Peer 1: 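The structure under discussion is supplied below as structure tokens; questions concerning it will follow.
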Number of protein chains: 2
Amino acid sequence: MSAVDRRKQILRAAAQSFTLFGYKATTMDQVAKIANVGKGTIYTFFSNKEELFDEILNTAILEMKRLAESKVDREKTFFENLFSVLDALLEFRGEHELFIKLSQEVRDVGTLKARDGLARLERVILEYLEKEIAYALDHEEIGTCDPQVAAFVMFKLYIALTSDYKHVREPLGKEEIHHYIRLFLADGLANPECRPYQHT
Amino acid sequence: MSAVDRRKQILRAAAQSFTLFGYKATTMDQVAKIANVGKGTIYTFFSNKEELFDEILNTAILEMKRLAESKVDREKTFFENLFSVLDALLEFRGEHELFIKLSQEVRDVGTLKARDGLARLERVILEYLEKEIAYALDHEEIGTCDPQVAAFVMFKLYIALTSDYKHVREPLGKEEIHHYIRLFLADGLANPECRPYQHT
DNA sequence: AATTGACCGAAATGGAAAATCAGTCATAAC
DNA sequence: GTTATGACTGATTTTCCATTTCGGTCAATT
């Protein structure tokens, strides 16, 4: 088997183990066993566990980013693009599961490396949103706002609706999530009937 | 000294200790010492530590609720009331500090009782918001939405702006928080061109 | 009758012994 | 000669268990 194949095999095994058991609970012996190589072989391709993890994480983040970018169509509106990206990402099982496992690990054990990984993902998402928001601002598709704050709020709203809410009530479906993102973010709660009212 | 005074003295001492050291780190000996009573005396008024804590927590929650209710003026709009309640609560040091300490404790040590206490507070806040949102809906002040979801989103948005955001960037000031709650919740991000009024 | 603090057992803490794991390297396989 | 391997090593983690701490009681005291 070629060196390239071996490397891929190790990456596949490691990715599987990280999404199944998290960062802390995957051992290098474990990865070697799944990949059907001796443990030493891993170290001919990756200098340590951290680097192996980082490569998997970076690949996952990059794939999500590319997927998102592939869904954006400059002919469409900001919110149309937002929703098609959201849909695509929600369907995207593979990478998703790694990040869900890492979230669990942070909650339950507080593994530092898992926390870092999620922070990196968050930064990439925020940067991506900021960029899209800035573009939408330029093209006067959305109202005046600081893209950094807007990106942050959008991200938090998304997490609140998809993940936090289910700890309080029945989880929301995809359509409901779309509906509420549109309601809160795009349209606003204030009743158009009552407009214009006094701002401070 | 009367039994009533003694009881109050114990409550005051316990409240002080809970907000200073959290639930786990306040001992009954500690409370007795601060209150200047024998430890046994505490147990003539409260059957155990849990009950003592609950009484303090319930009082704090009730006070916050009453404060909020006192700020609501049915002549004013939903959002006007929302902002005056928010301002009042942000100024409300006393109870605030207990809840901040409990939040820390949940983060750092994960004390179950502290988590429960904060969950109770959250429930009361959500119920209160749901009630106000339902009222606003009835009076056609806000657009159609599920009060439970809307309350949840408003709460999360508030936490995101006041507490979460400062872990990513410079914390937002009171006016900025108002501004963004108005922008995201009330008015919506979608292009002002399509709206009959100007954004800030 | 009310108050107290020494006392009790359960639970938390700390630290030492045992186990586990990331990473190395001498040997084996080719 | 080159690459792959797994037994080995020291650092870290986990697992005990001895000791301490703390919530709660109650016999003695006021």
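Sequence lines set the chain letters: A, B, ... in the order given, protein chains first and strands last, and positions in each chain run from 1. Quantities reported herein were computed from a predicted structural model and do not represent experimental measurements.
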Peer 1: Does this structure show an ion pair linking A:E141 with A:K76, if we count only N-O contacts that are shorter than 4.0 Å?
Peer 2: no

Peer 1: Return the value, rounded to whole Å, for the distance between atom NZ of B:K49 and atom P of C:dA11.
Peer 2: 14 Å

Peer 1: Could you tell me how far apart A:F45 (CZ) and C:dG23 (P) are, to the nearest whole angstrom?
Peer 2: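 Computing the A:F45:CZ to C:dG23:P distance gives 17 Å.
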
Peer 1: Between P on D:dG10 and CE on A:M28, what's the gap in Å once rounded to a whole number?
Peer 2: 20 Å

Peer 1: Just by distance, do the side chain of A:K65 and the backbone of A:A60 share a donor-acceptor pair under 3.5 Å?
Peer 2: no

Peer 1: Please list, in numerical order, the residues of residues 108-116 of chain B that have a heavy atom closer than 4.0 Å to any atom of DNA chain C.
Peer 2: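 When residues 108-116 of chain B is checked for heavy atoms under 4.0 Å from DNA chain C, there are no hits whatsoever.
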
Peer 1: In whole angstrom, give the distance that lies between atom CD1 of B:I42 and atom P of C:dA2.
Peer 2: 18 Å

Peer 1: With heavy atoms under 4.0 Å as the rule, sort B:K24 into base, sugar-phosphate or nothing.
Peer 2: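 Sugar-phosphate, no base atom in range.
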
Peer 1: Among the nucleotides D:dA4, D:dG23, D:dT13, which one has an atom lying closest to any side-chain atom of A:T44?
Peer 2: D:dA4

Peer 1: Is it true that A:K71 and A:D87 make a salt bridge, defined as a side-chain N closer than 4.0 Å to a carboxylate O?
Peer 2: no

Peer 1: Within 45° of the ring axis of B:Y135 and under 6.0 Å from its six-membered ring centre, is that where the NZ or CZ of B:R74 lies?
Peer 2: yes

Peer 1: Considering only heavy atoms from C-beta outward, does the side chain of B:L161 approach that of A:V153 to under 4.5 Å?
Peer 2: yes

Peer 1: What nitrogen or oxygen pairs link the protein and nucleotides 5-10 of chain C at under 3.5 Å?
Peer 2:
{"residue": "C:dG5", "atom": "O6", "partner": "B:G40", "partner atom": "N", "Å": "3.4"}

Peer 1: Using a 4.5 Å cut-off on heavy atoms from C-beta on, say whether the side chain of B:F99 contacts that of B:I61.
Peer 2: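 Counting from C-beta outward, B:I61 and B:F99 do come under 4.5 Å.
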
Peer 1: Does the plane of the ring in A:F79 sit parallel, tilted or perpendicular to the ring in A:F83? Use 30° and 60° as the thresholds.
Peer 2: tilted

Peer 1: Going through the checks in order, is the side-chain contact (heavy atoms from CB on, under 4.5 Å) test met by B:E69 and B:Y128?
Peer 2: CA-CA 9 Å; B:E69 268 156 5; B:Y128 172 77; 4.1 Å; yes

Peer 1: Quickly work out the A:K33 NZ to C:dC21 C1' distance and round it to whole Å.
Peer 2: 15 Å

Peer 1: Kindly confirm or rule out a cation-pi arrangement of A:K49 over A:Y43, judged by NZ or CZ under 6.0 Å from the six-membered ring centre and within 45° of its axis?
Peer 2: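 Ring-cation test returns no.
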
Peer 1: To the nearest angstrom, how far is B:Y43 atom OH from D:dA27 atom P?
Peer 2: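 Answer to the nearest Å: 17 Å.
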
Peer 1: Atom CG of A:D5 and atom C1' of D:dA4: how far apart are they, to the nearest Å?
Peer 2: 16 Å

Peer 1: Quickly work out the A:F18 CZ to C:dA22 C1' distance and round it to whole Å.
Peer 2: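 For the pair A:F18 CZ and C:dA22 C1', the rounded distance is 12 Å.
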
Peer 1: Within less than 4.0 Å of OP1 or OP2 of C:dT3, is there a side-chain N or O belonging to B:R6?
Peer 2: yes

